[in-house]
Amino acid sequence: ARARQPPPRGLPWRPGANERGVRPRPRRPWARVGQRGKQRQRRSPQPFMSAPSTSAAGAAGEAHAGPDAASAGDGGELVLELLEEDEDDEACDREEAQDGWFAASQQQHELQSAGAGEAGTEAGAGPSAADEPAWKDYATVFTNDKAGMGDNMVHSKEHVQRVVYEMSQGSPHFENERRKERAADERASRMEAHVRAATEQALQAARRRADAALTALELTRRSDRAWALFDMDQFFFAVHAQKDPKLHEVPVAVGGIGMISTANYAARRYGVRSAMPGFIAKKLCPQLTFVRSDFAEYSRVSKLFGEALRPFDPEGTAYQAGLDECYVDLKAASAARDETPAETCAAARAAIKAATGITVSAGLAPSRQLAKVASDLNKPDGQYVLPSNRGAVVACAR
DNA sequence: ATACATACC
DNA sequence: AACTGGTATGTAT
């Protein structure tokens with residue numbers, strides 16, 4: 001898992017700005033038109049590194065584009081708008097027209113009946129044997145490990161996976177996940193084919209370029225930083241539990257029947273966790289209670305969190321990533337306090353606890369990405385120090 | 001530059 | 001029955 005890449009050091013963070021401090025241009029209004037609901041027919045996967053579109057448009061369309069776009073002829077105003085955008089590009093016109101929601105509703109039944117058979121054979125041809133139950137094939141984020149989901153689990157991973165499958169199977173969301181999975185598989189196949197088609201000479205040249213890039217990158221590595229990632233434990237839940245500590249004793253999810261944003265540790269034993277729809281969680285844990293989210297309160301506590309870190313950040317390196325995470329380079333503060341970075345990190349965590357009443361875990365490492373990884377290793381209310389040398393980094397990676 | 005896909009909280 | 005919303009980056013054209 002890759003950590004989100006924060007902006008370069010020294011740049012102030014502000015909401016809505018990317019790392020160059022620039023707000024992204026808003027999408028053109030018509031770009032939203034087709035996005036209503038999840039039913040929208042997605043554009044077919046594009047070829048990986050295809051030949052120039054002038055010569056390849058037809059072939060690519062045949063190979064990848066599915067049903068003929070000509071059937072979208074009576075699209076009405078939307079198609080006119082789309083055509084106006086790209087009058088001069090025929091291939092683009094065809095695709096845009098195909099992408100419209102009206103075409104989707106027209107083609108939906110065709111796709112579902114015709115595509116179902118195709119998808120079926122395709123899946124059957126894959127490595128998963130036909131004698132395996134379908135749920136074993138349905139890998140989701142919910143079967144990954146997470147803090148609080150170690151030894152004393154109520155349900156096995158397999159049970160969770162099966163329940164998630166059974167509750168999702170057949171829904172529009174499920175079909176969408178399958179579609180994305182297929183698209184990703186196809187993209188990987190195209191890349192593999194591309195590599196197979198390359199000459200040995202081309203491959204060697206590519207390897208040399210990659211090696212050179214890696215070497216250049218390695219030279220930029222610096223070990224004079226002490227990056228910490230502070231991550232509040234079960235943040236949303238912890239905010240609620242402060243007002244009502246009894247909540248710790250029973251399985252609680254923050255969110256609703258549609259979506260859960262946090263689960264407390266009691267709930268995680270049942271496999272209930274962030275990003276899980278509430279109705280599936282309820283199936284896994286019938287006694288689960290829900291607490292409605294309160295973003296105004298989360299923001300308030302999040303500010304206290306950030307302010308508590310300021311004394312540990314004389315150089316202004318802090319980058320608050322979301323409401324419950326903050327990266328800080330502790331180098332300057334630990335020098336000023338005449339401490340090891342680990343000691344400064346512990347002091348900062350104590351300060352956060354004092355300011356917010358909520359425990360926080362931290363990772364300490366020579367880079368932000370490593371700090372992020374390290375912060376998961378001693379959760380909750382702990383910290384993990386990854387020393388600033390390659391041996392430790394490689395050992396940790398294993 | 002634009003649209004769409006993916007990732008993270 | 002029911003699977004977020006906000007922000008940012010990556011990929012393909």
Side-chain angles (χ1 to χ4, degrees), chain A residues 1-7 13-35 37-38 40-54 56-57 60 64 82 85-86 89 91-92 95-96 99 138 140-142 144 146 164-165 167-177 179-184 186-188 190-191 194 229 231-232 234-236 253-262 273-283 290 292-293 295 298-299 302 319-327 368-369 372-373 375-376:
Chain A
R2 260 181 79 168
R4 182 147 55 103
Q5 187 59 51
W13 175 82
R14 61 196 167 78
N18 65 17
E19 64 178 72
R20 284 167 296 279
V22 176
R23 269 172 198 281
R25 234 171 130 262
R27 290 168 180 275
R28 283 180 292 171
W30 61 262
R32 294 184 186 279
V33 169
Q35 306 214 338
K38 308 236 162 187
R40 190 178 77 106
Q41 178 58 47
R42 258 45 170 228
R43 177 183 304 236
S44 306
Q46 297 302 302
F48 171 70
M49 288 194 164
S50 64
S53 60
T54 44
H64 302 287
L82 293 173
E85 287 292 328
D86 292 297
D89 188 337
C92 194
E95 276 197 306
E96 295 287 18
D99 206 23
Y138 192 57
T140 69
V141 64
F142 305 123
N144 295 346
K146 174 150 177 123
V164 169
Y165 173 84
M167 298 299 289
S168 301
Q169 189 265 351
S171 70
H173 176 263
F174 182 90
E175 297 306 327
N176 192 39
E177 289 300 306
R179 177 194 64 77
K180 287 194 289 189
E181 217 169 293
R182 255 178 277 130
E186 277 169 33
R187 200 156 66 86
R190 285 200 301 278
M191 293 170 87
H194 187 251
L229 173 66
D231 187 331
M232 306 276 272
Q234 329 169 66
F235 181 55
F236 289 1
V254 179
I257 212 69
M259 182 52 61
I260 288 171
S261 54
T262 329
R273 48 172 292 172
S274 322
M276 182 177 273
F279 66 91
I280 296 181
K282 196 82 182 167
K283 193 83 175 180
F290 288 89
R292 286 254 296 281
S293 28
F295 280 88
Y298 307 149
S299 308
S302 182
Y319 168 69
Q320 204 158 349
L323 293 169
D324 77 326
E325 288 193 355
C326 192
Y327 294 86
R368 280 173 296 208
Q369 295 215 3
K372 165 78 176 158
V373 171
S375 75
D376 265 333

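Each chain gets a letter, A, B and so on, in the order its sequence line appears, and its residues count up from 1.
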Whole-Å distance between [N] [atom2] and [X] [atom1]?
| X | N | atom1 | atom2 | answer |
| --- | --- | --- | --- | --- |
| Glu175(A) | dA2(C) | CD | P | 13 Å |
| Arg190(A) | dT11(C) | CZ | P | 13 Å |
| Asp231(A) | dC9(B) | CG | P | 8 Å |
| Arg368(A) | dT9(C) | CZ | P | 12 Å |
| Ile280(A) | dA1(C) | CD1 | P | 14 Å |
| Phe295(A) | dT7(C) | CZ | P | 12 Å |
| Gln369(A) | dC8(B) | CD | P | 11 Å |
| Met259(A) | dC9(B) | CE | P | 15 Å |

Would a 4.5 Å heavy-atom cut-off, applied to side chains only, mark [X] and [Y] as touching?
| X | Y | result |
| --- | --- | --- |
| Phe235(A) | Thr262(A) | no |
| Leu323(A) | Met232(A) | no |
| His173(A) | Asn176(A) | no |
| Gln369(A) | Lys372(A) | no |

Counting heavy atoms from C-beta on, name the nucleotide in [options] closest to the side chain of [X].
| X | options | result |
| --- | --- | --- |
| Ile257(A) | dA2(C), dC3(C), dT11(C) | dA2(C) |
| Ala275(A) | dC3(C), dT4(C), dC9(B) | dT4(C) |
| Pro277(A) | dC3(C), dA5(B), dC9(B) | dC3(C) |
| Lys372(A) | dC3(C), dC8(B), dA12(C) | dC8(B) |
| Glu325(A) | dA2(C), dT6(B), dC9(B) | dC9(B) |
| Asp324(A) | dA12(C), dC9(B), dT6(B) | dC9(B) |
| Phe279(A) | dT4(C), dA2(C), dT6(B) | dA2(C) |

query = Of all residues at least two apart in sequence or in a different chain, which pass the side chain to side chain donor-acceptor pair (under 3.5 Å) check with Tyr165(A)?
reply = none
Sugar-phosphate, base or nothing in reach of Glu177(A), heavy atoms under 4.0 Å = nothing
note = Each base of DNA chain B marked ( ) or [ ] if paired in-strand (Watson-Crick or G-U under 3.5 Å), | if paired to another strand and . if unpaired gives |||||||||
key: Test log, rule side-chain contact (heavy atoms from CB on, under 4.5 Å), inputs Leu229(A) and Glu325(A)   = CA-CA 7 Å; Leu229(A) 173 66; Glu325(A) 288 193 355; 4.1 Å; yes
message = Is it the case that the side chain of Ser302(A) and the backbone of Tyr298(A) share a donor-acceptor pair, with hydrogens and angles ignored and the cut-off at 3.5 Å?
response = no
ask   = Reckon Arg187(A) has a side-chain N or O less than 4.0 Å from the OP1 or OP2 of dA12(C)?
value = yes
message = Give me the distance, rounded to whole Å, that separates dC3(C) from dC8(B) when you measure between the P atoms they each carry.
response = 22 Å
request  = Only counting residues at least two apart or in another chain, list the ones meeting ring-ring contact (aromatic ring centres under 6.0 Å, His included) with Phe279(A).
outcome  = none
